[in-house]
Amino acid sequence: MMNTTALHHKITRWFDHHGRDLPWRRPDCSPWGVLVSEVMLQQTPVVRVLPVWTEWMHRWPTPADLAQAPTAEVLRAWGNLGYPRRALRLQSTATALVERFHGTVPADPAQLRSLPGIGDYTAAAVSSFAFGIPETVIDTNIRRVHARLVNGKGLPHTSLTAAEKRLAQQLMPDDTSTANQWNKAVMELGALVCTARSPSCAACPVLSECAWIAAGKPDPDYQPTGQAWHGTDRQLRGAIMGLLRARDSVDRAELRSAVTATGKLGTHRPNDSQWERCVSGLLHDGLIVATKQHLTLP
DNA sequence: AACGCGGGGTA
DNA sequence: TACCCAGCGTT
């Protein structure tokens, strides 16, 4: 293992000067605000989350506020962040916080992990960022920095390995305050400098320690297979949700023409089975509800 | 371990 | 066009 103390110093110092001033990082942001930001940031970039988070925290500043909100309004406020099941789970988490934690956010990662939509990453992130508990945080940015800096790989493997977890724990500073700064700093380094596509190695504070640089920046071991979009169920589900966010309801007989008229499907024309599969899937997920004649948000 | 799940910005 | 993004839950 390399000299980790030098890495800690260089990367946290870099963060002090170059870290972004994001609202959920400010000292006056509540743990609830941190939790909301982390859920919104699950697979959605910072720039798209910013305006939605700001409006969200204005409307529902505490878990109790969100728990009491109409779910249809919650889904509309979620807007086009994507993966709207996250919004349902966030409201369910708000209810659980009221019922099980007196309306507060627990600091214990195991208790956080028990909440709907809170996985290993989000539990560790909230525990560290909101409460200063030095949990080992591992997100896609941190994995990529570790893969390059320590292992000399172009990108980490698709799935998180036990070896990666051990490495992340070994790299954690012993000092609590430094450990929490390290979590934020490595994540930010991955987001701003050590990016997936075209990293800005000239701006990197640990360029001279980087195993990937030393190895001649080899290409990733594997070929990423991107998600399809055009014609998929996700596209159609998203188009149906987009229509219902803009309307009170839609007549079931007019669903196809109304969704098609939004233009969100491009040239794709779903067949009967795809329409049926997507509508029943949205019903099953609780993202829409059906009366005899209409579909609406919950 | 692999898959389904949104949507938009970027190279 | 393909890839990427502060992942999670299910199979």
Side-chain angles (χ1 to χ4, degrees), chain A residues 15 19-20 22-25 33-53 75 78-90 92-93 112-130 135-145 154-162 168 183-192 194-200 220 222-245 262-266 274 277-278 281-282 284-287:
Chain A
F15 179 75
R20 291 167 291 183
L22 301 171
W24 45 83
R25 285 181 180 160
V34 173
L35 191 156
V36 171
S37 79
E38 292 300 339
V39 173
M40 289 182 174
L41 288 163
Q42 292 167 359
Q43 297 289 279
T44 304
V46 167
V47 288
R48 292 177 55 198
V49 166
L50 272 170
V52 178
W53 181 89
L75 288 169
W78 191 261
N80 58 0
L81 287 184
Y83 297 146
R85 291 188 295 192
R86 290 182 293 165
L88 292 185
R89 292 178 182 141
L90 184 55
S92 295
T93 277
L112 286 162
R113 186 67 179 78
S114 75
L115 298 164
I118 309 296
D120 289 338
Y121 161 75
T122 305
V126 171
S127 199
S128 174
F129 301 158
E135 286 294 303
T136 301
V137 175
I138 307 176
D139 80 320
T140 186
N141 291 306
I142 290 173
R143 293 185 64 209
R144 186 173 55 252
V145 171
L155 289 174
H157 186 264
T158 308
S159 53
L160 178 62
T161 65
N183 281 333
K184 287 186 284 192
V186 177
M187 191 177 306
E188 191 77 336
L189 186 67
L192 298 183
C194 195
T195 56
R197 292 291 189 96
S198 51
S200 306
Y222 70 101
Q223 211 70 349
T225 64
Q227 294 175 324
W229 172 245
H230 185 77
T232 62
D233 286 4
R234 285 185 313 151
Q235 183 189 29
L236 180 52
R237 286 168 56 107
I240 294 169
M241 290 299 295
L243 178 74
L244 286 175
R245 285 198 302 271
T262 65
K264 295 267 187 68
L265 299 179
Q274 190 179 22
R277 187 171 64 245
C278 288
L282 290 169
H284 177 266
D285 290 342
L287 285 165

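Just so it is clear: chains get the letters A, B, ... in the order the sequence lines come, proteins before strands, and each one is counted from 1.
Residue contacts shown for A/R144 are limited to sugar-phosphate atoms, with no base heavy atom under 4.0 Å away. At a threshold of 4.0 angstrom between heavy atoms, the contacts of A/L22 include nucleobase atoms, whether or not backbone atoms are also involved. Note on A/W78: nothing from the nucleic acid sits closer than 4.0 angstrom, heavy atoms only. Counting any heavy atom pair closer than 4.0 Å across all strands shown, A/A196 reaches sugar-phosphate atoms only and no base atom.
Following rounding to the nearest Å, A/E188 (CD) and C/dC5 (P) show an atom-to-atom distance of 14 Å. With rounding to whole Å, A/R143 atom CZ is found 10 Å from C/dC5 atom P. Distance, A/N141 CG to C/dC5 C1': 8 Å, rounded to whole Å. Distance A/N183 CG to C/dA6 C1': 11 Å, rounded to the nearest Å. Distance, A/L112 CG to C/dC8 P: 12 Å, rounded to whole Å. To the nearest angstrom, P of C/dC5 lies 15 Å from CD of A/E38.
Residues A/Y121 and A/Q42 bring no donor and acceptor atom of their side chains to less than 3.5 Å of each other. For the residue pair A/R25 and A/S37, no side-chain donor N or O sits within less than 3.5 Å of a side-chain acceptor on the partner.
Proximity of A/T232 to A/Q227: side-chain heavy atoms (C-beta onward) are nowhere separated by under 4.5 Å. Side-chain contact between A/N141 and A/V186 is absent, with no heavy-atom pair separated by less than 4.5 Å. Looking at heavy atoms from C-beta onward, A/I118 lies in side-chain contact with A/V39 at the 4.5 angstrom threshold.
Comparing the same atom, C1', in B/dG8 and in C/dG9 gives a spacing of 24 Å after rounding to whole Å. Comparing the same atom, P, in C/dA6 and in B/dA11 gives a spacing of 15 Å after rounding to whole Å. Taking atom C1' on both nucleotides, C/dC4 is separated from B/dC5 by 16 Å, rounded to a whole Å.
Here the shortest heavy-atom pairing between A/I142 and A/V137 reads CD1-O, 3.2 Å. Minimum interatomic distance between A/L75 and A/R245 (heavy atoms only, all atoms of both residues): O-CD, 3.5 Å. Nearest heavy atom pair, residue A/R144 against residue A/C194, reads NE-O, 2.7 Å. What you find for A/H157 and A/R143 is that their closest heavy atoms are O-NH2, 2.6 Å.
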What string of B, S and - do you get for nucleotides 1-11 of chain B 5' to 3' if you count protein non-hydrogen atoms under 4.0 Å? ---BBBBS--S
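Where A/L115 and A/R20 each meet DNA chain C at their nearest nucleotide, the meeting point lying more 5' is that of A/R20.
Atom CG in A/N80 sits 9.0 Å away from atom OG1 in A/T44 (nearest 0.5 Å).
In the set C/dA6, C/dC8, C/dC4, the nucleotide with an atom closest to the side chain of A/T122 is C/dC8.
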Using a 3.5 Å limit on both pairing distances, list the dot-bracket string of DNA chain B from the 5' end; Watson-Crick and G-U wobble pairs count, crossing pairs take [ ], interstrand pairs take |. |||||.|||||
